[in-house]
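Here the structure is laid out as structure tokens; the discussion comes afterwards.
What you see below is based on every heavy atom in this structure, not just the backbone, and it leaves out hydrogens, waters and symmetry mates. All values reported here derive from a predicted model rather than from experimental measurement. Reminder, nothing fancy here: chain letters follow the sequence lines and each chain counts from 1.
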Amino acid sequence: MTAVAVDPAAVYTLRHADDCLVLSHRLAQWSSRAPSLEEDVALTNIALDLLGQARALYTRTSELDRTGRSEDDHVFQRDERDFVNCLLVEQENGDFAVTVARQLLFSTYQLETWRALGGSTDRQVAAIAAKAVKEVTYHLDHATQWTLRLGDGTAESHERMRAALERLWPYTAELFETDAVTDDVVARGVAGDPQRLRAAWDSSVDQVLREATLERPSTSWTPTGGRRGLHTECFGYMLAEMQHLHRAHPGARW
Amino acid sequence: MVTIAVDRVRRVAGEVTDPEIPVLTIDDLGILRDVRIDGSDHVDVDISPTYSGCPALETIQADVAQRVRDAGYENVTVNVVLSPPWTTDWMSDAGRRKLREYGIAPPRSRGADMRLLQLAVECPVCGAAHTNEVAHFASTPCQALRRCGSCSEPFQHFKEH
Ligand SMILES: [Zn+2]
């Protein structure tokens, strides 16, 4: 990072690009290992959608910050502290219930975020968001169907879903944090107010949980730091795996 | 003259096929958005992705550029346009028919109020209206997997998007 002040809009688009990339990579880790062939295909298709969204957002980020960084530079040449994704998306896949819970919580947030960004004063961001809304609607539907099936399923599946929600819930507070970057982009009409998204997120998630006979976990521990490059331990391992080939063979092509 | 040239380039570019569903041209899919030729014979072609992560897009871009060059225009730019987002409503009737013949149930049409005009997804094998979704996603993000309640054949459905 240079010392020159970066356009807060570039930081904002980078945060969402990193969210998409990191969750895409986590979902791709299910490839060939999902509980069923259909689910294998579903998770990797969702990963593909997110990767496409990430690419568009990295491109927009480089236009806004004028660094000229390529998509590959963003993905492979940055270190852990440079990534500004939220902590929720980097959490390990766990069992299938953890993956479903992560998807439910994040897709709900992402859908509300993209809906708001559809009206962004940044026309390119608005176009990316309008395209992504349709895709994320499908991701959320998929996560919702599984939450209902596992939550309102057997004693075993219910317990796993309950444990998964309890494990991931603390990381949801970070999604609605505000700071100088969000204050700036909200003021300029580039993005919607994260705290305003909260009410929509709450009612949407609560409704699914109720139908799935699951309870909203209560927690006072709200870890944060992802937006400032401070990540949980598991992220470094994921990044090492993701970047290893590119860094070991600079400039390698298919 | 310019419109004749534009029409010709548009026809040539529109014949590029989707590498994942080779019976469909990009004209059938409705992703070819615009063709422009400026005073110095520079061609701009606008195309839209079906899905953000569509892996076929780069191949399609390269194929379009090649075809336009083959038609005699050395300078060609293929732009990717996101807005307004592509929808299956832009798929042509010919495209829907080709999909069905290929064994993929086409996306259902929507009216002006965005409601589906036809409720059942018909089996592309026997035409039965009683079919069920087996999985939300199939071999590509734009398709779902279904099974026919009449002939029991599994098939892919190009989802309304
Ligand atoms: Zn049939």
Please report the closest heavy-atom contact between Leu82(B) and Ala127(A), naming both atoms and the distance. CB-CB, 3.9 Å
For Arg147(B), does the CZ atom sit with more than 12 other heavy atoms under 6.0 Å from it, leaving out its own atoms? no
Value for NZ (Lys134(A)) from OG1 (Thr50(B)), rounded to nearest 0.5 Å, stands at 10.5 Å
At a 4.5 Å cut-off on heavy atoms, which part of Ser48(B) comes close to chain A: side chain, backbone, both, or neither? neither
Residue Arg160(A) excluded, over 12 heavy atoms near CZ under 6.0 Å: no
Give, as side chain, backbone, both or neither, the part of Ile128(A) having an atom under 4.5 angstrom from any heavy atom of chain B. both
With sequence neighbours excluded, give me every ring-ring contact (aromatic ring centres under 6.0 Å, His included) pair touching residues 45-72 of chain B. Tyr51(B)-His161(B)
Please indicate whether Glu133(B) has more than 12 foreign heavy atoms, meaning atoms of other residues, nucleotides or ligands, lying under 6.0 Å from its CD. yes
If you count every heavy atom of other residues, nucleotides or ligands that lies below 6.0 Å from Arg66(A) atom CZ, does the total exceed 12? no
Interface moiety of Pro84(B) toward chain A, non-hydrogen atoms closer than 4.5 Å: neither
Looking at Arg36(B), I'd like to know if its CZ atom is crowded, meaning that more than 12 non-hydrogen atoms belonging to other residues, nucleotides or ligands lie closer than 6.0 Å. yes
Using a heavy-atom cutoff of under 4.5 Å, enumerate the residues of residues 42-58 of chain A that contact chain B, numbered in order, or state 'none'. Ala42(A), Asn45(A), Ile46(A), Leu48(A), Asp49(A), Gly52(A), Gln53(A), Arg55(A)
Taking ring-ring contact (aromatic ring centres under 6.0 Å, His included) as the definition, give me every residue that meets it alongside Phe76(A), ordered by chain and number, with sequence neighbours left out. His246(A)
What are the residues of residues 95-122 of chain A, in order of number, with any heavy atom under 4.5 angstrom from a heavy atom of chain B? none
Classify the ring geometry between His136(B) and Tyr138(A) as parallel (under 30°), tilted (30 to 60°) or perpendicular (over 60°). tilted
Other residues, nucleotides, ligands: >12 heavy atoms within 6.0 Å of Arg247(A) CZ: yes
Pick whichever of Gln145(A), Glu38(A), Glu135(A), His142(A) has the most heavy-atom pairs under 4.5 Å with chain B. Glu135(A)
Tell me whether the count of non-hydrogen atoms from other residues, nucleotides or ligands lying under 6.0 Å of CZ in Arg69(B) goes above 12. yes
How close do Pro85(B) and Ala130(A) get, heavy atom to heavy atom, and via which atoms? CG-O, 4.0 Å
